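See structure below.
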Amino acid sequence: MAPDASFACHAVMLMAVMATNSLALTVNTKGGSSQVSWTANATLKAIAADRKRVEIPTYEVSLDVAAAHRWDHVAADYRDHIPAIMAYLDSFFPKWAAPIIEKIGEGVEPYFQEYGEEMVGLARALNMKVGDLVVMNLMYQLEHIGINCSNWNNTGPTAKNDPGCMDVDPKQEYCYCHMHSKHIREDGWLKLGDIPAFKDAQARAGRVVGQGPNPGLCSSIVARDEDGHIYHGRNLDWNLPDSVLKMAINVNFTKGGKTVFRASTLVGFVGVMNGMRPSGFSVSIDARGKGGKVIGNIKEALFHHGITPSQHLRRSLETQSSFQDGVEFLSSGPLIDEAYYIVAGVSGNEGAVISRNRTGAIDVWALNDTTWYRVQTNYDHWNPVPKADDRRTPEIQSMEMMGQSGVGIPGMLSVITKWPAYNHHTDYTGVFVPWNDTYV
């Protein structure tokens with residue numbers, strides 16, 4: 001079945017990936033001269049500016065069709081992409097985890113409930129093993145196993161006792177990387193570009209690793225215009241290779257012939273990274289927490305039947321119809337790993353950032369009568385961000401410069417497509433407006 005052409009006006013734009021592996025992107029020089037944040041790197045900024053937007057196809061998926069078959073028509077168009085996807089999965093999947101994933105694959109339905117049935121059906125339709133399809137659905141979680149000194153950041157500055165680093169990495173194992181003391185200059189900055197593991201990680205993944213924000217980082221903004229309407233902008237900075245980006249689609253999920261919600265995902269990935277229920281609410285995910293959690297993620301799936309944040313997001317759009325109900329749903333329920341949910345409603349103060357751990361919300365940061373926007377990157381809003389990855393400050397400055405009078409689709413796009421919110425790792429950009437059913 002061909003993509004739904006009638007939804008072209010709502011096609012989300014995907015950022016075309018450029019080959020940058022050959023560029024020397026570090027800014028260290030001999031003599032120990034100062035190292036700057038990736039956000040101040042002119043080469044990376046130029047790479048981002050040269051990237052082009054492309055529209056991604058839109059499909060209709062009926063929730064009335066049996067779970068094991070509702071993706072068949074989509075899978076038929078993408079079977080030829082599977083060898084490239086498998087090569088990507090092999091680049092980061094830890095071999096020791098294979099028996100655990102196989103165990104989940106053998107009884108996938110109990111672990112992921114109805115979404116497990118969809119995985120079984122997709123594996124059949126895509127000619128994949130169920131275990132490989134499970135890995136694909138956990139790749140956002142499993143990729144984080146590799147976050148360490150070698151790939152968290154290589155353009156600095158990563159300084160000892162940086163308050164932002166201390167928040168996300170109290171032991172300073174990857175944000176400051178005390179283990180690589182021989183690469184620390186006299187002024188305290190770490191020259192991560194000198195560490196050979198960067199080149200190894202980049203070669204394995206076939207993409208730019210460790211140059212700028214870590215894969216999986218994002219920006220999301222909710223804002224209220226002067227008429228009280230709510231707008232929602234987001235960037236997904238996953239740094240996916242071309243082979244995976246070719247699997248990106250928009251989906252209109254329907255029931256009884258009517259659209260229940262719209263969302264964006266990858267073929268084979270049953271969760272969604274963002275979505276919108278018309279006249280209800282929209283949601284996006286930003287990663288929260290980094291590194292050393294893959295074992296806990298897998299245990300959560302095995303023993304507590306926690307689902308991924310992207311699957312929980314999809315479930316909220318399937319079952320909840322209002323902003324308030326959506327916030328309450330997203331604030332509870334077991335998750336495999338931590339996340340931020342950024343939620344936009346229709347009007348008034350219907351905008352919030354939910355900071356989640358595996359068991360529930362630890363904070364809900366909502367709009368109020370005097371605050372017309374919220375900016376969320378990948379760090380708790382009540383703590384400082386690491387100097388090595390401060391996208392928060394420029395995004396706040398962009399919102400203040402635009403002003404509430406500028407809130408709208410053009411205004412939100414102008415903010416989230418401005419460096420460094422939009423950067424060389426940005427794979428996806430979208431603006432969602434629940435009150436008038438706009439998804440661009």
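We're numbering straight along the sequence, starting at 1. What you see is a predicted model; the values in this text were computed from it and never measured.
- Not counting sequence neighbours, H81 has no partner by the side-chain hydrogen bond (donor to acceptor under 3.5 Å, both in side chains) test.
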- W372/L367 under side chain to side chain contact (heavy atoms under 4.5 Å, CB included): CA gap, chis, key distance, verdict: CA-CA 6 Å; W372 54 274; L367 298 177; 5.8 Å; no

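- In this pair, W435 and Y231 present their aromatic rings perpendicular. The plane angle is above 60°, beyond the 30 to 60° band.
- The shortest heavy-atom contact between I56 and A248 is CB-O, 3.7 Å.
- Taking D227 as the reference, nothing meets the side-chain hydrogen bond (donor to acceptor under 3.5 Å, both in side chains) condition, with sequence neighbours excluded.
- Contact between F281 and G326 at its shortest, heavy atoms only, is CZ-CA, 4.0 Å.
- For N378 (side chain) and C218 (main-chain N/O), a donor-acceptor pair under 3.5 Å exists by modelled atom type.
- Side-chain atoms of T265 come within 3.5 Å of backbone atoms of G271 as a donor-acceptor pair (strictly under, hydrogens ignored).
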- For the pair R70 and E117, evaluate salt bridge (charged side-chain N to carboxylate O under 4.0 Å, His left out) and give the outcome as yes or no after the intermediate values. CA-CA 10 Å; R70 64 179 54 140; E117 296 180 44; over 6 Å; no

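- The line from NZ of K258 to CG of L63 is 14.5 Å long, rounded to the nearest 0.5 Å.
- Here the side chains of S398 and V415 are in contact, with some heavy-atom distance below 4.5 Å.
- Judged by distance alone, the side chain of N357 and the main-chain N or O of T359 form a donor-acceptor pair under 3.5 Å.
- With rounding to the nearest 0.5 Å, the separation of CG in L44 from OG1 in T39 is 9.5 Å.
- Of the listed residues (I249, D77, V244, I85), just one forms a side chain to side chain contact (heavy atoms under 4.5 Å, CB included) with V267, and that residue is I249.
- The salt bridge (charged side-chain N to carboxylate O under 4.0 Å, His left out) search around R79 returns none, not counting sequence neighbours.
- Residue pairs meeting the salt bridge (Lys or Arg N to Asp or Glu O under 4.0 Å) criterion with at least one partner in residues 307-325, sequence neighbours excluded, are E118-R314, R314-E318, R315-E318.
- In this structure a side-chain-to-backbone donor-acceptor pair under 3.5 Å is missing from W238 to D427.
- For the atom pair OG1 (T259) and CD (E60), the distance works out to 6.5 Å, reported to the nearest 0.5 Å.
- Checking S219, S355, S220 one by one against D286, the side-chain hydrogen bond (donor to acceptor under 3.5 Å, both in side chains) holds for a single residue, S220.
- With hydrogens and angles ignored, the 3.5 Å screen pairs no side-chain donor or acceptor of Q320 with any backbone N or O of S316.
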- Task: Apply side chain to side chain contact (heavy atoms under 4.5 Å, CB included) to L236 and R234, showing your working.
- Result: CA-CA 7 Å; L236 176 64; R234 82 98 89 248; 4.1 Å; yes

- Message: Under the criterion side chain to side chain contact (heavy atoms under 4.5 Å, CB included), I'd like the reasoning laid out for R277 against S321: C-alpha separation, chi angles, the key distance, then a yes or no.
- Response: CA-CA 7 Å; R277 186 157 178 140; S321 58; 4.0 Å; yes

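- One distance of note links CE of M412 with CZ of F432; it measures 10.0 Å at 0.5 Å rounding.
- Proximity of a side-chain donor or acceptor of D380 to a complementary backbone N or O of N383 within less than 3.5 Å is not detected.
- Applying the side-chain contact (heavy atoms from CB on, under 4.5 Å) test to S62 and every residue at least two apart in sequence or in another chain returns D64, V65, T254.
- Residues satisfying the side-chain contact (heavy atoms from CB on, under 4.5 Å) criterion with A68, sequence neighbours excluded, are absent altogether.
- At a threshold of 4.5 Å between non-hydrogen side-chain atoms, the residues M119 and V270 count as touching.
- Remark: the backbone N or O of V222 is not paired with any side-chain donor or acceptor of R374 at under 3.5 angstrom.
- If you check the side chains of R391 and N423, you find no donor sitting under 3.5 Å from an acceptor.
- A distance of 11.0 Å separates CG of D132 from CG of L126, quoted to the nearest 0.5 Å.
- Using modelled atom types, one side-chain atom of Q376 and one backbone atom of Y379 make a donor-acceptor pair closer than 3.5 Å.
- Qualifying side-chain hydrogen bond (donor to acceptor under 3.5 Å, both in side chains) partners for S282, counting only residues two or more places apart in sequence or in other chains: H232.
- Among pairs with a residue in residues 309-348, those fulfilling ring pair (Phe, Tyr, Trp, His ring centres under 6.0 Å) read H312-F329, at least two apart in sequence or across chains.
- By the side-chain contact (heavy atoms from CB on, under 4.5 Å) test, S332 pairs with no residue at all, sequence neighbours left out.
- Side-chain contact between I342 and I221: absent, with no pair of heavy atoms (C-beta onward) separated by less than 4.5 Å.
- The minimum heavy-atom distance between M86 and M128, with the atom names listed, is SD-CE, 3.8 Å.
- Counting heavy atoms of neighbouring residues, nucleotides and ligands inside a 6.0 Å radius, atom NZ of K418 exceeds 12 of them.
- The closest donor-acceptor contact from the side chain of N137 to the backbone of G268 lies under 3.5 Å.
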Show which side-chain atoms of residues 399-406 pair as donor or acceptor with protein atoms under 3.5 Å away, not counting sequence neighbours.
unit_1 : atom_1 : unit_2 : atom_2 : d
E400   : OE2    : Y373   : OH     : 2.7
Q404   : NE2    : R224   : O      : 3.1
Q404   : NE2    : D225   : O      : 3.3

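- Ring geometry for H381 versus W365: interplanar angle under 30°, hence parallel rather than tilted (30 to 60°).
- Partners of A361 by side-chain contact (heavy atoms from CB on, under 4.5 Å), not counting sequence neighbours, listed by chain and number: S331, I354, R356, V364.
- Smallest separation of non-hydrogen atoms from A125 and D72: CB-OD1, 3.9 Å.
- Applying the side chain to side chain contact (heavy atoms under 4.5 Å, CB included) test between T308 and each of D337, L138, I285 identifies L138 as the sole match.
- Taking OG1 from T438 and CE from M276, the interatomic distance works out to 7.0 Å, rounded to the nearest 0.5 Å.
- Partners of S414 under the side-chain hydrogen bond (donor to acceptor under 3.5 Å, both in side chains) rule, at least two apart in sequence or in another chain, do not exist in this structure.
- No side-chain heavy atom of I307 sits under 4.5 Å from any side-chain heavy atom of I336.
- D237 and T426 form a side-chain donor-acceptor contact under 3.5 Å, judged by distance and modelled atom types alone.
- Applying side-chain hydrogen bond (donor to acceptor under 3.5 Å, both in side chains) to Y439 and the options N252, T58, N274 leaves one that passes, N274.
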- Task: For the pair R262 and N250, evaluate side chain to side chain contact (heavy atoms under 4.5 Å, CB included) and give the outcome as yes or no after the intermediate values.
- Result: CA-CA 7 Å; R262 314 188 192 284; N250 290 324; over 6 Å; no

